[in-house]
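One structure is given below, encoded as structure tokens.
Position 1 is the first residue of the sequence, and the numbers go up from there.
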Amino acid sequence: MGIVSLITIRYIRGSRVLGFLSIKSRLSFIVMAVGVGLLVVVLSIFNGFQKQVKESLWQGGPHITVENSYGSGAIYDYEKVITHLKSDPKLAESFVSVEGNITSHGLIQSNNNFNPIMIRAVPVDSIEKLVENGLPNFPRILQYDRDKIQAINTEKLVVVGKEMSAIYGYGLGREITMAVPGGRFTVERGVQVNVQTFRLVGLFKTGYYNYDSKFAFLSLPQAQEFFKMKGAVNQVAIKVRSLDDLKVTKQRILSRLNEDNWNQKIQDETSFSVRTIAEEQENFLAALRLEKTIISIIVFLFIVLAALGMVATVHSLIRAKRRSIGTLKALGLASNDILLIFTLNAMIVGILSSLVGGMTGIFIATKLEVIINIISEIINGIGGLLNPGDWDPVELVPKDIYYFDHIPVDIDISFIFMVTTAATILSGLAGYFPARMAANLNPVDTIRND
């Protein structure tokens, strides 16, 4: 007979005598199952939220930018810089695109006020790619004037974010006045300002509110004229295939640009600095990670609470079954078997609660939007009956606040496995320590006293 079969038989025999289906055991099972299910649902929502926010962030602009921190910041002969970077086989393999950009602060006129915005200009080498969202550094266009947008490289045309158009009341075809700094700053003359009027021909949306409400896009030739940077850019914008290798790629780019004498003229006129989007959004991404960690700890405390309840359950069960334990030990049941019975009982409760809670959590997470919509309909139905005519429909997840077309959910199976494993281990530990007390009971004393 195998050792597993022997353990199973001993457990079944002992548990029949001791009787483990107590109300407290069931309560511990329910609490732990609820804790596991709640943790799965909450973390699936947070994973989905973070994933969608990051995807919106990554789609909004370049992943790595190379800038000139010397002089006016202009990068002349930027095509040679791009060629030099692409000549490294490892860098070329990691790049999706490398191109010259202009990105700068500007002002946009709304009524009699000028409001701060960001202006970005990228090369538009194909109108078909532009309208079909095939340009790597141009965000996804939702609406556009098909006839006018054809001349984006030759006329003063602009594409703004959907949220910016809503904030300032801009519609397609509207003339927009923008102002940018031009020339160098001098004490006598201050900062020169260039003011031009552009026609709105398109609206874009990335899904990242701050981007969609702050950025305006021009074609690179028009921006070079607007900023008086003929033949120059102030950024080399790079998109990479893997966002996990941003740090490594950044270091390789810096090493490549700082090589000795690859182009003495460019090196004399520039002082290159390299930034990644993760560094630019470091505080925001850190806040997301911290929020997820705090919520995980809070919800995990439900499981810890269930484990503490398991300790109390097993302890009270031992006190109630002292006579039975003493009888079993007097009949020859070893102390290790008593220890095994109580520990396995707690672990089985943990396994079952983990499975039930995990499966329930996955089901709720996948059907969460449907469940919330049903609850909203029930609330609105009851409210409409109780207060007809004056009831304002309730929206439990307002899309205008959270800026999502749907509730983002990302179920991580490896995380669920980790949670269920942790719950099982905690259950085993919760049962082990009271079980040691039961295993050390003196059979003569327990039978005599109980």
Side-chain angles (χ1 to χ4, degrees), residues 47-69 73 75 77-104 118 120-126 129-130 132-141 161 204-208 210-212 214-215 217 219-220 223 233-259 262-263 266 270-289 408 410:
N47 286 338
F49 172 77
Q50 290 190 352
K51 183 178 179 180
Q52 186 157 337
V53 168
K54 286 181 179 179
E55 285 179 357
S56 301
L57 200 59
W58 302 151
Q59 291 171 6
H63 300 153
I64 301 175
T65 54
V66 178
E67 297 180 340
N68 176 19
S69 56
I75 303 175
D77 296 326
Y78 63 92
E79 295 91 348
K80 293 181 180 179
V81 176
I82 293 173
T83 302
H84 181 63
L85 291 176
K86 287 184 174 180
S87 64
D88 184 329
K90 290 186 178 180
L91 282 178
E93 184 180 353
S94 66
F95 290 160
V96 172
S97 68
V98 188
E99 59 187 25
N101 281 7
I102 293 177
T103 300
S104 175
M118 293 295 296
R120 175 165 288 165
V122 302
V124 181
D125 54 5
S126 169
K129 287 183 179 179
L130 173 63
E132 294 174 3
N133 301 310
L135 296 180
N137 283 311
F138 209 107
R140 178 170 57 94
I141 295 182
F204 69 82
K205 180 180 178 180
T206 65
Y208 182 46
N210 286 340
Y211 202 92
D212 294 349
K214 295 293 184 183
F215 273 80
F217 273 75
S219 67
L220 187 58
V233 298
N234 64 4
Q235 283 185 351
V236 173
I238 301 168
K239 281 213 166 183
V240 297
R241 301 185 189 280
S242 174
L243 294 171
D244 296 329
D245 302 328
L246 282 178
K247 288 185 179 180
V248 175
T249 306
K250 172 187 173 179
Q251 293 302 321
R252 186 175 291 276
I253 291 171
L254 277 173
S255 299
R256 189 70 173 163
L257 294 175
N258 291 328
E259 288 179 350
W262 65 269
N263 189 308
I266 293 177
T270 54
S271 175
F272 290 111
S273 61
V274 181
R275 292 184 302 160
T276 67
I277 190 171
E279 292 171 341
E280 292 175 0
Q281 302 292 337
E282 184 177 2
N283 291 338
F284 176 69
L285 296 175
L288 287 181
R289 289 193 297 269
D410 181 32

Query raised in the report: What pair of heavy atoms forms the shortest contact from Phe217 to Pro139, and how long is it?
Result: CZ-CD, 3.4 Å

Query raised in the report: Are the side chains of Leu246 and Ile277 in touch, meaning some heavy atoms are under 4.5 Å apart?
Result: yes

Query raised in the report: Are any non-hydrogen side-chain atoms of Val236 and Phe272 less than 4.5 angstrom apart?
Result: no

Requested in this report: Give the minimum heavy-atom separation between Ser219 and Ala121, together with the two atoms involved.
Outcome: O-CB, 3.9 Å

Query raised in the report: What's the spacing between Leu254 CG and Ser273 OG if we round to 0.5 Å?
Result: 8.5 Å

Query raised in the report: What heavy-atom pair brings Ala237 and Asn137 nearest, and what distance separates the two atoms?
Result: CB-ND2, 4.1 Å

Report task. Locate the shortest heavy-atom distance separating Arg256 from Glu259; write the atom from each residue and the value. Result -> NH1-OE2, 3.1 Å

Query - Rounded distance (nearest 0.5 Å) linking atom NZ of Lys80 with atom NE2 of His84 - result: 13.0 Å

Query raised in the report: Within the distance-only criterion (no hydrogens, no angle test), does the side chain of Ser94 pair as donor or acceptor with the backbone N or O of Val240 below 3.5 angstrom?
Result: no

Query raised in the report: Ignoring hydrogens and geometry, is there a side-chain-to-backbone donor-acceptor pair from Asp212 to Thr206 under 3.5 Å?
Result: yes

Query raised in the report: From Glu93 CD over to Asp88 CG, what is the distance, rounded to the nearest 0.5 angstrom?
Result: 10.5 Å

**Report entry** Side chain to side chain, Arg120 and Pro62, heavy atoms closer than 4.5 Å
**Finding:** yes

Report task. Would you check if Ile238 and Phe95 make a side-chain contact, meaning some heavy-atom pair closer than 4.5 Å? Result -> yes

Query - CD-OG1 distance between Glu279 and Thr65, expressed to the nearest 0.5 angstrom - result: 9.0 Å

Query raised in the report: More than 12 non-hydrogen atoms from neighbouring residues, nucleotides or ligands closer than 6.0 Å to NZ on Lys250, yes or no?
Result: yes

Query raised in the report: Do the side chains of Gln235 and Val233 get nearer than 4.5 Å, heavy atoms only?
Result: no

Query raised in the report: Does a side-chain heavy-atom distance below 4.5 Å link Val66 with Val274?
Result: yes

Report task. Answer whether the closest heavy-atom distance between the side chains of Asn101 and Pro123 falls below 4.5 Å. Result -> yes

Query raised in the report: Would you say the side-chain atoms of Asn234 pair up with the backbone N or O of Thr103, donor to acceptor, closer than 3.5 Å?
Result: yes

Requested in this report: Apply side chain to side chain contact (heavy atoms under 4.5 Å, CB included) to Asp125 and Leu135, showing your working.
Outcome: CA-CA 9 Å; Asp125 54 5; Leu135 296 180; 3.5 Å; yes

Query raised in the report: So do Leu91 and Thr249 actually touch side chain to side chain, heavy atoms under 4.5 Å?
Result: yes

Report task. May I have the step-by-step check of side chain to side chain contact (heavy atoms under 4.5 Å, CB included) for Asn133 and Ile141, ending in yes or no? Result -> CA-CA 7 Å; Asn133 301 310; Ile141 295 182; 3.9 Å; yes

**Report entry** Closest contact, heavy atoms only, Glu67 versus Arg275
**Finding:** OE2-NH2, 3.0 Å

